[in-house]
Amino acid sequence: MEDFESFYRSSRDGCFRALFVTVRDVHEADDLLAESYARALARWDDVGSHPAPKAWIIRTALNLHRDRWRRMARHRRLRTLSTEPSPAQDVDADPEVLRALFGLPGRQRQVVALRVLAQMDTEETAIALGIAPGTVTTHLHRGLSALREQLTARKEAP
């Protein structure tokens, strides 16, 4: 079992990028990730020995995100979501690729983010999202195919 500081340093950037693409907001992703790591630190004996600690972090962050949305809905404070994500100046990524990622359906975007950006394997991704490994593979294939189509079409456009 690696120590928390080593785990944090090695996993934070990939988890952040994956979470940002999933929730579409830099500040929300940062806040959710900070809370997830704080919870992991408080339970490091359990989390550190988890078969997929990065998946635990992402799953916790996604659960927190879902809970926030539910709480807002309960209090009738939902705002209309814009089709554009928050500014991504803190994210080192090609704007065209981000636009294409944001155009994917939610589950495909989550799977691509976790598999590619957080570099999680199929099992870790399945654990993080609470879905079957075969479903991860299907969404990854569909998401990457859609990204390929979108990015190729943009390059070919005048």
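Heads up: numbering here begins at 1 and tracks the sequence. Basis for what follows: all heavy atoms, side chains included, without hydrogens, waters or symmetry-related copies.
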Mind checking whether [X] and [Y] have side chains closer than 4.5 Å, heavy atoms only?
X      : Y      : value
Leu62  : Leu19  : yes
Phe20  : Leu98  : yes
His139 : Leu129 : no

Mind checking the CG-CD1 spacing from Asn63 to Ile58? Nearest 0.5 Å is all I need.
11.5 Å
Test side chain to side chain contact (heavy atoms under 4.5 Å, CB included) applied to Phe7 and Ile57, step by step
CA-CA 11 Å; Phe7 168 71; Ile57 292 292; 3.8 Å; yes
Parallel, tilted or perpendicular, as decided by the 30° and 60° cut-offs, for the rings of Phe4 and Trp44
perpendicular
What closest approach, in Å, do [X] and [Y] show between heavy atoms, and which atom pair accounts for it?
X      : Y      : result
Ala126 : Pro133 : CB-N, 3.8 Å
Val136 : Arg115 : CG1-CD, 4.1 Å
Ala128 : Met120 : CB-CE, 4.0 Å
Ala146 : Gln108 : CB-OE1, 4.5 Å
Leu32  : Ala61  : CD2-O, 3.7 Å

With side chain to side chain contact (heavy atoms under 4.5 Å, CB included) as the criterion, how do Val111 and Val116 come out once you've worked through the C-alpha distance, each side chain's angles and the decisive distance to 0.1 Å?
CA-CA 8 Å; Val111 169; Val116 177; over 6 Å; no
Residue set satisfying side-chain contact (heavy atoms from CB on, under 4.5 Å) with Ile127, at least two apart, ordered chain then number -> His50, Ala52, Ala55
Can you tell me if [X] uses its side chain to pair, donor with acceptor, with the backbone of [Y] under 3.5 Å?
X      : Y      : answer
Ser49  : Asp46  : yes
Lys54  : Glu124 : no
Arg109 : Leu101 : no

Name the one of Ser10, Pro53, Ser11 that satisfies side chain to side chain contact (heavy atoms under 4.5 Å, CB included) with Glu2?
Ser10
Applying side chain to side chain contact (heavy atoms under 4.5 Å, CB included), run through Ile131 and Arg107 and close with a yes or a no.
CA-CA 10 Å; Ile131 58 178; Arg107 185 61 84 183; 3.9 Å; yes
Side chain to side chain contact (heavy atoms under 4.5 Å, CB included) between Thr122 and Thr125, worked out
CA-CA 5 Å; Thr122 300; Thr125 303; 5.8 Å; no
